[in-house]
Amino acid sequence: MKKSKCLLMFFVVLAIFMLAGCGNNDAAKTDESQTNGEETTTLNEALSGAELLKSLNFTYPDSLKITTKTTVTDSLYTSSTTYTKGDNYRMEMELPEVGNQITIYNAAQGITYQYTEGQTTGFSFKDQEMTSDLGNLNMDEGITSIDELTDVFPDNMIARVETLDGEKVIYIETTENDGQNGTIDMRMWFSTRFGVPLKTEIISNGTVTMSSVVTDISADNISDSQFTPPADVVFTDFSSMNMDDLTNIPSP
């Protein structure tokens, strides 16, 4: 049972990791400039699709703190806080019956660490050395940015300016149909002040299977110590792991 919980926790963390993050369809007709601290972007609201994304010019804050509430299939509820500073990344996420799950990416070391608060063991991955049927998980990327989507804009992607809780956002939607699992839609509402998703939805065959909403976001000054793994936790190196390794994660 402990192994099953660890495996569930692992995939939930990876899902939020790649998607980590409310809606009126009220697109204005005039250009608008929004600023917050260092970050500025000018919106040409007459544009849509790839042209809209390519017109954006974000300057991202060096440090960012985001608190998010996530629901998975109406049965799993989590609250998480992410910290980014440069290329460093940290996520603290409360998982039912598991506890406070912590994921740290230390850019200088090129290593991702994962452990549960209060336990003395965890596991780690080195950059580009994790191989399995899961494919390229981009463990070090943290939060999806608009720039990343602009570089790989597919033909079926929708992008337009909307309003979310009184703030101008970039709404992005993609649809996939693999013939086996049916139609899967991903919807994301990106902040025009921070360039990261304020809300994310995964919809499978018309049913929302995951929703994620940012409840607090700020460009705080974050200490470097947040991205250093604790000295009292022993980490097992799972670099170059395969799917069989996942079932052999040591129990605390």
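Worth saying up front: this structure is predicted, and the values here are computed from it rather than measured.
- By the side chain to side chain contact (heavy atoms under 4.5 Å, CB included) test, Val208 pairs with Ile203, Ser211, sequence neighbours left out.
- The side chain to side chain donor-acceptor pair (under 3.5 Å) search around Asn177 returns Thr183, not counting sequence neighbours.
- Judged as a salt bridge (Lys or Arg N to Asp or Glu O under 4.0 Å), and not counting sequence neighbours, the contacts of Glu201 are Arg187, Lys199.
- Residue pairs that meet the salt bridge (charged side-chain N to carboxylate O under 4.0 Å, His left out) test with at least one member in residues 216-226, sequence neighbours left out, are Lys85-Asp224.
- Taken from CG in Leu56 to OG1 in Thr192, the straight-line distance is 9.0 Å, to the nearest 0.5 Å.
- The shortest non-hydrogen separation linking Pro229 to Phe235 is CB-CE1, 3.7 Å.
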Test log, rule side-chain contact (heavy atoms from CB on, under 4.5 Å), inputs Thr121 and Thr236: CA-CA 8 Å; Thr121 61; Thr236 301; 6.0 Å; no

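- By the ring-ring contact (aromatic ring centres under 6.0 Å, His included) test, Phe227 pairs with no residue at all, sequence neighbours left out.
- The shortest non-hydrogen separation linking Pro61 to Ala219 is CB-CB, 3.9 Å.
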Quick one, Met91 with Tyr105, criterion side-chain contact (heavy atoms from CB on, under 4.5 Å). Give me CA distance, side-chain angles, the key distance, then yes/no. CA-CA 9 Å; Met91 170 185 278; Tyr105 176 68; over 6 Å; no

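- Here the closest non-hydrogen pair linking Ile222 and Thr84 is CD1-O, 3.6 Å.
- Atom CG of Leu52 and atom CG of Asn44 lie 8.0 Å apart (nearest 0.5 Å).
- The minimum heavy-atom distance between Gln226 and Arg90, with the atom names listed, is O-NH1, 2.7 Å.
- Residue Thr81 is tested with Thr67, Thr68, Asn100 for a side-chain contact (heavy atoms from CB on, under 4.5 Å); the sole match is Thr67.
- Here the closest non-hydrogen pair linking Leu47 and Glu51 is CD1-O, 3.7 Å.
- One finds the CG atom of Leu198 at 8.5 Å from the CG atom of Asp165 (value rounded to the nearest 0.5 Å).
- Listed here is the closest heavy atom pair of Ala107 and Asn88: N-OD1, 2.8 Å.
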Pair Ile104-Tyr115, side-chain contact (heavy atoms from CB on, under 4.5 Å): steps then yes or no: CA-CA 9 Å; Ile104 295 172; Tyr115 66 100; 4.2 Å; yes

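- For the atom pair Ile202 CD1 and Thr209 OG1, the distance stands at 6.5 Å (nearest 0.5 Å).
- Annotation: side chain to side chain contact (heavy atoms under 4.5 Å, CB included) contacts of Gln109 (sequence neighbours excluded): Asn106, Ile111, Tyr113.
- To the nearest 0.5 Å, atom CD1 of residue Ile172 and atom CE of residue Met157 are 6.0 Å apart.
- The line from OG1 of Thr112 to CG of Asp127 is 6.5 Å long, rounded to the nearest 0.5 Å.
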Go through the steps for Val196 and Val214 under the test side-chain contact (heavy atoms from CB on, under 4.5 Å), then give the verdict. CA-CA 10 Å; Val196 298; Val214 170; over 6 Å; no

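- Using modelled atom types and a 3.5 Å distance limit, the side chains of Glu94 and Thr78 yield no donor-acceptor pair.
- Between the side chain of Thr70 and the main chain of Ser212, no donor-acceptor pair closer than 3.5 Å is present.
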